[in-house]
*Asks:* 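Sharing a structure below in structure tokens format, with a few things to ask.
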Amino acid sequence: MKKSSFWAAVFPAALGVLLLAGCGGPNRRIPNRIQVGVACYNQSDTFISELMDSFKHQLTAFEREGLTATVTLKDAAGLQRIQNDQVRELLDEGCNILCVNLVDRTDPSEIIDLARENDVSIIFFNREPVHEDMMQWSELYYVGADAQQSGVMQGELAAEAIHADPRIDRNRDGKIQYVVLEGEAGHQDAIIRTERVADTLKNEGIELEKLGSGVANWNRAQAENRMTQMIGQYHNQIELVLANNDDMALGAIDAYEKLNITETTCPVFFGIDGTSGGLQAVKEGKMAGTVYNDKEGQAGAMARLAAALVTGEGLEEISFDSERCIYLPYQKIDGENVQEFLGDKH
Ligand code: BGC
Ligand code: CA
């Protein structure tokens with residue numbers, strides 16, 4: 001090709017690219033806005049709504065001259081089909097990063113396909129897709145926490161309390177009669193927390209007798225119902241209530257309060273999350289302990305990752321625990337340290 005005809009061919013193409021960039025073509029080339037589309041499995045979930053408040057707040061830290069940050073939040077109210085449609089809408093509305101809290105953590109394929117077609121990265125959070133699904137595309141990330149750790153910590157807290165106070169074994173038979181309130185069947189946190197808390201108690205030398213368990217889907221009212229049924233069945237035999245989250249521990253406490261069961265025949269209650277209601281219950285001594293599910297840390301990691309993926313800046317500074325996954329550590333909370341968590345930061 002002659003020199004002049006080479007430039008005649010290349011120049012218009014190069015100009016086209018520049019014009020496209022100048023007119024706001026593909027988002028990544030002009031990072032003047034971080035437009036986050038968030039799809040939540042259920043906004044009425046206490047932990048998720050507190051996590052979202054923190055996320056919205058922390059994302060504003062990434063705004064600067066010439067860079068805006070907005071969040072559009074959709075609530076699937078527990079239906080995966082609805083969530084798939086909502087992700088489509090978020091992409092149509094121009095979101096350039098997605099944060100997805102799957103309804104069904106085993107069914108992300110449609111959402112992944114939609115994101116890939118639009119070349120928009122996904123940060124999954126709180127409800128962890130299985131490894132094979134995370135491998136479907138290199139633009140998939142996860143922010144959450146290590147479920148094992150929360151179960152172990154809940155077990156350690158309960159063991160400490162039982163060792164410290166022999167009155168917890170109310171019938172003095174050397175065993176702790178307990179019940180479990182479980183989150184949704186199939187959720188990584190429900191399955192693993194339930195297993196690990198009992199293993200840990202046994203490893204700590206506590207003899208256990210499981211009276212029963214009930215699935216209450218992370219929900220306070222459902223937990224109250226399940227607990228009322230179990231009280232009807234086991235009367236004052238229950239010495240310990242292990243709930244997979246704070247809302248369900250609070251629901252169990254509600255059941256005892258509504259039945260006017262006095263403190264001397266009440267079991268001890270343990271939750272997980274450190275929601276504002278959970279922390280308050282620990283402070284008042286109604287709940288013996290909980291495990292902090294670091295919503296500030298998770299929301300902060302999501303905001304940093306979202307900003308980095310959109311702007312292309314700062315990704316190298318983010319450390320991943322395993323490939324494209326970030327797990328924030330849990331912390332034990334009891335009456336001794338609850339005040340630290342009730343401060344401004346949390
Ligand atoms: C939290 C629960 C919450 C659930 C929602 C868990 O990690 O501990 O409180 O309901 O996530 O997916
Ligand atoms: Ca006992």
Side-chain angles (χ1 to χ4, degrees), residues 44-47 150-151 153-184 190 193-194 197-198 200-202 204 206-291 332-336 338 342:
S44 67
D45 181 296
T46 308
F47 175 76
S150 56
M153 287 186 171
Q154 191 183 46
E156 288 171 354
L157 281 167
E160 277 162 38
I162 295 162
H163 286 310
D165 184 357
R167 286 169 307 173
I168 292 175
D169 176 15
R170 276 202 322 273
N171 65 354
R172 305 280 152 108
D173 67 347
K175 292 185 222 158
I176 299 297
Q177 280 72 25
Y178 78 106
V179 300
V180 182
L181 287 164
E182 293 174 22
E184 287 161 282
R193 286 173 184 170
T194 302
V197 67
T200 305
L201 276 158
K202 285 178 207 148
E204 297 282 332
I206 309 286
E207 223 185 300
L208 291 174
E209 183 185 346
K210 186 170 185 173
L211 297 176
S213 66
V215 173
N217 298 308
W218 309 118
N219 179 281
R220 183 166 180 162
Q222 288 186 38
E224 184 187 329
N225 268 327
R226 296 281 99 82
M227 195 67 235
T228 308
Q229 286 165 359
M230 290 196 280
I231 297 169
Q233 221 172 330
Y234 307 110
H235 310 283
N236 63 1
Q237 290 173 57
I238 306 167
E239 296 171 337
L240 168 68
V241 176
L242 298 170
N244 282 171
N245 78 344
D246 282 357
D247 259 18
M248 295 190 293
L250 293 171
I253 295 169
D254 293 340
Y256 278 89
E257 284 184 350
K258 289 205 183 142
L259 292 167
N260 274 324
I261 296 177
T262 58
E263 249 178 52
T264 45
T265 46
C266 249
V268 284
F269 303 88
F270 289 88
I272 291 177
D273 276 346
T275 56
S276 41
L279 293 175
Q280 197 54 37
V282 174
K283 188 180 172 190
E284 289 167 10
K286 291 182 176 178
M287 210 197 283
T290 187
V291 179
K332 289 189 243 180
I333 304 177
D334 59 15
E336 302 263 294
V338 65
L342 282 161

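Basis for what follows: all heavy atoms, side chains included, without hydrogens, waters or symmetry-related copies.
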*Asks:* Between Ala243 and Gln154, which heavy-atom pair has the shortest distance, and what is it?
*Replies:* O-NE2, 2.8 Å
*Asks:* What are the two closest non-hydrogen atoms of Met248 and Gly183, and how far apart are they?
*Replies:* CE-N, 3.5 Å
*Asks:* With sequence neighbours excluded, tell me which residues meet side chain to side chain contact (heavy atoms under 4.5 Å, CB included) with Asn236.
*Replies:* Arg170, Thr265
*Asks:* I need the full list of salt bridge (Lys or Arg N to Asp or Glu O under 4.0 Å) pairs touching residues 244-254, with sequence neighbours left out, sorted by first then second residue.
*Replies:* Arg220-Asp254
*Asks:* So, using ring-ring contact (aromatic ring centres under 6.0 Å, His included) as the criterion, who are the partners of Phe47 when residues are at least two apart?
*Replies:* none
*Asks:* Please table the atom pairs, donor to acceptor, closer than 3.5 Å between any side-chain atom in residues 268-278 and protein atoms at least two apart or in another chain.
*Replies:*
from	atom 1	to	atom 2	distance (Å)
Asp273	OD1	Asn293	ND2	3.1
Thr275	OG1	Gly278	N	3.1
Ser276	OG	Glu50	OE2	2.9

*Asks:* Looking only at heavy atoms, what is the nearest atom pair of Leu157 and Gly289, with distance?
*Replies:* CD1-C, 4.4 Å
*Asks:* Minimum heavy-atom separation for Ala161 and Ile168, please, with both atom names.
*Replies:* O-CD1, 3.5 Å
*Asks:* Residues in side chain to side chain donor-acceptor pair (under 3.5 Å) with Glu184, at least two apart?
*Replies:* Arg127, Trp218
*Asks:* Can you name the residues that form a side chain to side chain donor-acceptor pair (under 3.5 Å) with Glu207, not counting sequence neighbours?
*Replies:* none
*Asks:* If we ignore hydrogens and angles and just use 3.5 Å, is the side chain of Asn219 paired with the main-chain N or O of Ala221 as donor and acceptor?
*Replies:* yes
*Asks:* Could you check whether any side-chain N or O of Gln177 sits under 3.5 Å from a backbone N or O of Glu239, counting only pairs where one atom can act as donor and the other as acceptor?
*Replies:* no
*Asks:* Identify, with sequence neighbours excluded, every residue that meets side chain to side chain contact (heavy atoms under 4.5 Å, CB included) alongside Asn260.
*Replies:* none
*Asks:* Can you name the residues that form a side chain to side chain donor-acceptor pair (under 3.5 Å) with Asp165, not counting sequence neighbours?
*Replies:* Arg167
*Asks:* Do the non-hydrogen side-chain atoms of Glu209 and Gln237 ever get within less than 4.5 Å of each other?
*Replies:* no
*Asks:* By side chain to side chain donor-acceptor pair (under 3.5 Å), which residues pair with Lys210, not counting sequence neighbours?
*Replies:* none
*Asks:* Quick one: does any side-chain atom of Tyr234 pair with a main-chain N or O of Leu211 as donor and acceptor, under 3.5 Å?
*Replies:* yes
*Asks:* Just to verify, what does Glu284 make a salt bridge (Lys or Arg N to Asp or Glu O under 4.0 Å) with, not counting sequence neighbours?
*Replies:* Lys286
*Asks:* List for me each residue that meets side chain to side chain contact (heavy atoms under 4.5 Å, CB included) alongside Lys283, sequence neighbours excluded, and say none if there are none.
*Replies:* Gln280, Val338, Gln339, Leu342
